[in-house]
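Just so it is clear, the values below take in all heavy atoms, side chains as well, and ignore hydrogens, waters and symmetry mates.
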Amino acid sequence: MSEAVAAPPQAPGLREILLSPGYRRLLLLSALAGVPIALLCFAFVSLQHAIQHGVWEHLPAALGYDRAPWWWPLPTLLLAGLILAPVVTRLPGGGGHVPVHGLGGPPVKPVALPGVIIAALATLPLGVVLGPEAPLMALGSGLALLFLQWVKAADRPETTLLFGTAGSTTAISTILGGPLAAALMVVEGAGLVGPRLVALLLPTLTASGVGALVFTGFGRWTGLGIGSLELPSVPPDVQPDAGDFLWGLPIAAVVALVVSAGRRLGFATLAWAREQTAVRTVAAAVAAGGCLAAYALITGRTPEDAALSGQAGLGELAAHPHALPVATLIALVVCKGLAWGLCLGAMRGGPIFPAVLLGAAIALACAGLPGFGATPALAVGIAAAAVTVTGLAVTSAVLAALLLGADSANQMPLIVLSTAVALVVAQLVRRGEPPEPTA
């Protein structure tokens with residue numbers, strides 16, 4: 001007589017999860033943690049921008065230049081490499097995860113926070129072609145885990161993982177215009193469904209919502225700029241027509257190819273820098289500085305256009321889409337794209353901001369084509385670049401819509417289709433690449 005097979009235990013349902021005392025305590029802790037995390041992230045972003053302005057504006061003026069000269073990125077990126085090399089090779093955590101792998105990975109342990117902070121504050125303002133989003137997420141998760149240890153609530157691995165994710169979401173929401181896009185990025189990257197999705201979503205929304213409120217209010221009170229990813233001015237809104245779609249979708253594919261090529265360079269740089277890491281980190285930084293100096297020599301413009309994350313440059317392109325000649329836009333894409341690829345594999349920072357600027361520059365270089373307007377071009381470039389570098393279709397579409405503001409209502413069909421085209425092209429190009437960590 002065969003023995004009865006025991007039924008597998010059922011996972012707790014949504015109601016059981018939400019009404020459990022431990023989960024309600026986690027929501028309360030998420031709200032409480034959002035306040036100090038937001039304040040520390042505010043100080044982090046404000047200090048980074050102050051150092052950046054000092055390096056690229058005040059110091060050249062003190063030396064008698066009206067703007068940074070063409071050779072300026074060479075010593076600044078050399079200094080960035082010299083600072084980062086011992087951080088990568090000696091400090092716990094290596095200064096954070098390598099940006100070519102995206103924004104994914106587990107929450108950063110508190111012991112790795114010093115390396116993350118040094119790598120971000122001491123190198124990004126010097127002209128490294130990366131954004132602050134990855135260091136901010138690492139800072140947020142590390143601070144959240146510190147808070148969890150302080151209140152002696154880190155009793156289960158699931159709690160630690162969930163709370164660390166809430167902390168990183170709180171931090172990234174400070175530069176993504178609020179908690180919605182940040183929470184959507186984390187949830188879409190996690191790929192969860194059902195009760196587990198809601199269980200992850202509520203703490204992240206709670207912590208990031210409180211954090212965004214504190215961050216924004218503190219910024220208005222102090223009058224300090226916080227560098228949010230926003231476009232203060234965009235081209236006049238137009239309804240996309242057949243020409244915008246006929247040009248826009250192939251251009252979205254081109255953006256995906258160019259951004260993917262930059263990522264390939266990042267993987268090649270990462271493989272090259274695995275040996276003699278300290279020396280090759282410095283060499284990659286100097287090579288990136290050479291690309292930025294080449295842009296200034298070719299165009300006669302300041303190398304600051306191609307350096308840094310590109311947040312300010314994106315705003316200028318959106319406000320004056322026809323100000324730069326097509327040749328200058330092409331030089332910007334080539335030189336900044338090469339520098340970005342080198343930094344992806346050897347430096348520390350976030351990959352999204354420079355990619356979005358590259359996508360916008362590529363699309364706006366094509367805005368003079370018959371029947372293709374500047375506003376649709378901007379929508380195509382932002383959406384295609386964002387989805388190529390993140391692999392998150394819904395998040396990228398929402399991000400493009402938030403950036404375009406009131407213009408996004410008419411551009412939404414083009415944004416969605418451009419996102420789909422770019423994602424397919426990027427996945428075709430990425431065949432054979434190593435898998436990225438789960439967000």
Compare every heavy atom of Ser309 with every heavy atom of Pro132, then report the nearest pair and how far apart it is. CD-CB, 4.4 Å

For a 4.5 angstrom cut-off between non-hydrogen side-chain atoms, does Leu113 reach Leu146? yes

Considering non-hydrogen atoms only, spot the tightest contact between Ala171 and Gly140 and give its length. CB-CA, 3.8 Å

Residue of the set Leu130, Val100, Leu265 for which side chain to side chain contact (heavy atoms under 4.5 Å, CB included) holds with Cys343: Leu130

Measure up the His53 and His58 rings against each other and bin them: parallel (under 30°), tilted (30 to 60°), perpendicular (over 60°). tilted

Residue pairs passing the side chain to side chain donor-acceptor pair (under 3.5 Å) test with at least one member in residues 286-308, sequence neighbours excluded, are Tyr295-Asp305, Arg301-Asp305

With heavy-atom distances below 4.5 Å as the criterion, would you say the side chains of Ile362 and Val333 are in contact? yes

Is a side-chain donor or acceptor of Lys336 paired with a backbone partner of Cys291 at a separation under 3.5 angstrom? no

Does a donor on one side chain sit under 3.5 Å from an acceptor on the other, for Thr165 and Ser141? no

Rounded distance [0.5 Å steps], CG in Leu47 versus CD in Gln52: 11.5 Å

Quick one, Cys366 with Phe372, criterion side chain to side chain contact (heavy atoms under 4.5 Å, CB included). Give me CA distance, side-chain angles, the key distance, then yes/no. CA-CA 8 Å; Cys366 303; Phe372 191 43; 4.3 Å; yes

Any side-chain heavy-atom pair from His101 and Leu270 closer than 4.5 angstrom? yes

So Arg348 and Val88, side chain to side chain contact (heavy atoms under 4.5 Å, CB included) or not? Walk me through it. CA-CA 9 Å; Arg348 297 297 182 267; Val88 171; 3.5 Å; yes

Looking at every heavy atom in both Ile415 and Thr419, which two are closest together, and how far apart are they? O-OG1, 2.7 Å

Taken to the nearest 0.5 Å, the spacing of Cys41 SG from Ile172 CD1 works out to 9.5 Å

Measuring from Ser418:OG to Ile382:CD1, what's the distance to the nearest 0.5 Å? 11.0 Å

Counting neighbours of NE2 on His320 that are heavy atoms of other residues, nucleotides or ligands and sit closer than 6.0 Å, is the number greater than 12? no

Any chance you could measure Ile330, atom CD1, to Leu324, atom CG, to the nearest 0.5 Å? 12.0 Å

So, the side chain of Thr277 versus the backbone of Arg274: is there a donor-acceptor pair under 3.5 Å, distance only? yes

Minimum side-chain heavy-atom gap Leu126-Ile83 below 4.5 Å: yes

Compare every heavy atom of Ala379 with every heavy atom of Leu404, then report the nearest pair and how far apart it is. CD1-CB, 3.5 Å

CD of Gln427 to OG of Ser260: how many Å apart, nearest 0.5 Å? 8.5 Å

Could you check whether any side-chain N or O of Trp247 sits under 3.5 Å from a backbone N or O of Ala377, counting only pairs where one atom can act as donor and the other as acceptor? no

Carefully, step by step, assess Trp340 and Val259 under the rule side chain to side chain contact (heavy atoms under 4.5 Å, CB included). CA-CA 10 Å; Trp340 177 62; Val259 174; 3.7 Å; yes

Would you say the side-chain atoms of Ser46 pair up with the backbone N or O of Phe42, donor to acceptor, closer than 3.5 Å? yes

Of the non-hydrogen atoms in Met185 and Leu392, which two are nearest, and what is the gap between them? O-CD1, 3.6 Å

Output yes when a side-chain donor or acceptor of His49 lies under 3.5 Å from a complementary backbone atom of Phe44, and no otherwise. no

Spacing of OG1 belonging to Thr269 relative to CZ belonging to Arg264, to within rounding of 0.5 Å: 13.0 Å

For residues 66-90, which residue pairs qualify under side chain to side chain donor-acceptor pair (under 3.5 Å), counting only residues two or more places apart or in two chains? none

Checking side chain to side chain donor-acceptor pair (under 3.5 Å) for the pair Thr390/Thr395: CA distance, chi angles, key distance, verdict? CA-CA 9 Å; Thr390 64; Thr395 300; over 6 Å; no

Where Pro354 and Pro351 come nearest, the two heavy atoms and their spacing: CD-O, 3.8 Å

From the options Val35, Val45, Leu143, select the one residue that forms a side chain to side chain contact (heavy atoms under 4.5 Å, CB included) with Leu40. Leu143

Quick one, Leu32 and Phe147 - any side-chain contact, counting heavy atoms below 4.5 Å? yes

Using a 4.5 Å cut-off on heavy atoms from C-beta on, say whether the side chain of Pro303 contacts that of Trp56. yes

Going by side chain to side chain donor-acceptor pair (under 3.5 Å), name the pairs with one or both residues in residues 125-136, residues two or more places apart or in two chains. none

Just so I know, are the side chains of Ile118 and Leu91 near enough to count as touching, which here means a heavy-atom distance under 4.5 Å? yes

Where do Leu332 and Leu358 land on the side chain to side chain contact (heavy atoms under 4.5 Å, CB included) test, with the steps shown first? CA-CA 8 Å; Leu332 176 64; Leu358 291 175; 5.7 Å; no

Side chains of Val380 and Leu414: does their closest heavy-atom pair fall under 4.5 Å? yes

